[in-house]
S.K.: 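Would you mind keeping the following structure in view while I ask a few things?
Numbers here simply count residues along the sequence, with the first being 1. The figures here come from the full heavy-atom set of this structure, side chains too, leaving out hydrogens, waters and symmetry mates.
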Amino acid sequence: MTFLNKIPGPFLIFLGALCLSFGGLIVKSFEGANLWQILFWRQFFFAIIVVLYLLFSYRKNFFKSFYKSGLPGFIAGLFLSVGFAAYVFSMYTTTVANTNFIITTETIFLAIFGYFFLKEKINLITFISIILGMSGVLLIVGSSLSIQSSEQFLGNIVAFVMPISFAILVIIIRKYPNVDMVPSQFTAGIAAALIGLFFAGKISISPHDLFLAFTAGFFQIGFGFILITIGSQTTPAAIVGVLMLTESVFGPLWAWLFINEAPPISVLMGGGIIIFSILLQSFYVKKATR
């Protein structure tokens, strides 16, 4: 038990999502590093902050924390590592808005996976939300066929790996609420760094890019995923998905304000449909639990 466990879960998730919202802006701000070099250094620094957190939290029981997280933590870490790689690939090749809006489909995958693995029923409102959400996704991806290159279109497709991996992480956390999943973040960081190392060729980058990688690893995903992982232990899966909208709303905003990346109307419309579908589901869940 750490001081973070005493803070309400929803607030931790909101803060974590706010940290994550700077991801696209940071990736777009690299000057010379390729996407695999970015992935390696980003996850390298991420793994360091997770280790520091675990050492601070567990002290002498540091290694025991990995044993306690067991197979669920290890599997969650592997899935998340693939999501980390997909995130950098997508942000590097397509727009911040496209990636952020596609990531919000994690709520749809949470509902679907919840049905199969947690035996959570999909009611009519949830089904309507899923249909609306997928309609928004089709609008975003479909528009990219005419206004983006093949590389950007591939980035849109790869972006789906992130919400799927995150949904799996949340489902595992919900299925094993008493298991500390923070050690799985270290597994994810190391595994993703190894993916980057394998494809990067060389890992030397400029001091400017190294600082950005440090900022991304330590603050953006470091604080972000630790807060979200802890907060998800006491927050219903549907509410987690809603709070994660913070990332999709602020991410494109930072890109528009600081690097003048304005998304086309079709992407904004698609993103709006996805957000509406998630809010529809969340309001129904809130009403049903009263």
S.K.: Could you go through the side chain to side chain contact (heavy atoms under 4.5 Å, CB included) check for Val249 and Ile275 one step at a time?
M.R.: CA-CA 9 Å; Val249 171; Ile275 291 175; 4.2 Å; yes
S.K.: Out of curiosity, Leu25 CG to Met91 CE, how far, rounded to the nearest 0.5 Å?
M.R.: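 Reported value, rounded in 0.5 Å steps: 9.5 Å.
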S.K.: Between Ile203 and Phe211, is there shared hydrophobic-cluster membership here, with clusters defined by ILVMFWY side-chain heavy atoms closer than 4.5 Å?
M.R.: no
S.K.: When hydrophobic residues are tied together by side-chain contacts of less than 4.5 Å, even through go-betweens, does Ile108 share a cluster with Leu118?
M.R.: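 Hydrophobic grouping puts Ile108 with Leu118.
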S.K.: Which residue, Phe214, Phe46, Phe22, forms the side-chain contact (heavy atoms from CB on, under 4.5 Å) with Phe219?
M.R.: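 Going through the options one by one, the only one that passes is Phe214.
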S.K.: Cluster question for you: counting only ILVMFWY and a side-chain heavy-atom cut-off of under 4.5 Å, with indirect links fine, are Tyr87 and Leu194 together?
M.R.: yes
S.K.: Indicate yes or no: at least one non-hydrogen side-chain atom of Phe166 is less than 4.5 angstrom from one of Phe225.
M.R.: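 Phe166 reaches Phe225 side chain to side chain.
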S.K.: Going from OH on Tyr53 to CD1 on Ile49, what distance comes out if it is rounded to the nearest 0.5 angstrom?
M.R.: 11.0 Å
S.K.: In this structure, which one of Leu279, Leu132, Leu139, Ile140 forms a side-chain contact (heavy atoms from CB on, under 4.5 Å) with Ile274?
M.R.: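 The residue from Leu279, Leu132, Leu139, Ile140 that satisfies side-chain contact (heavy atoms from CB on, under 4.5 Å) with Ile274 turns out to be Ile140.
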S.K.: Do Ile173 and Phe11 sit in the same hydrophobic cluster, where Ile, Leu, Val, Met, Phe, Trp and Tyr count as joined when their side-chain heavy atoms come under 4.5 Å apart?
M.R.: yes
S.K.: Does Arg42 qualify as a cation-pi partner of Phe44, given the criterion of NZ or CZ under 6.0 Å from the six-membered ring centre and within 45 degrees of its axis?
M.R.: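 Judged by the rule, Arg42 and Phe44 form no cation-pi pair.
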S.K.: Determine whether Ser184 and Ser69 satisfy the following criterion, side chain to side chain donor-acceptor pair (under 3.5 Å), listing intermediate values before the conclusion.
M.R.: CA-CA 7 Å; Ser184 70; Ser69 90; over 6 Å; no
S.K.: Is it true that Leu35 and Val82 fall in one hydrophobic cluster, defined by side-chain heavy atoms closer than 4.5 Å?
M.R.: no
S.K.: Sequence neighbours left out, cut at 3.5 Å: what donor-acceptor pairs do the side chains of residues 157-165 make with other protein atoms?
M.R.:
residue : atom : partner : partner atom : Å
Ser165  : OG   : Val161  : O            : 3.3
Ser165  : OG   : Met162  : O            : 2.8

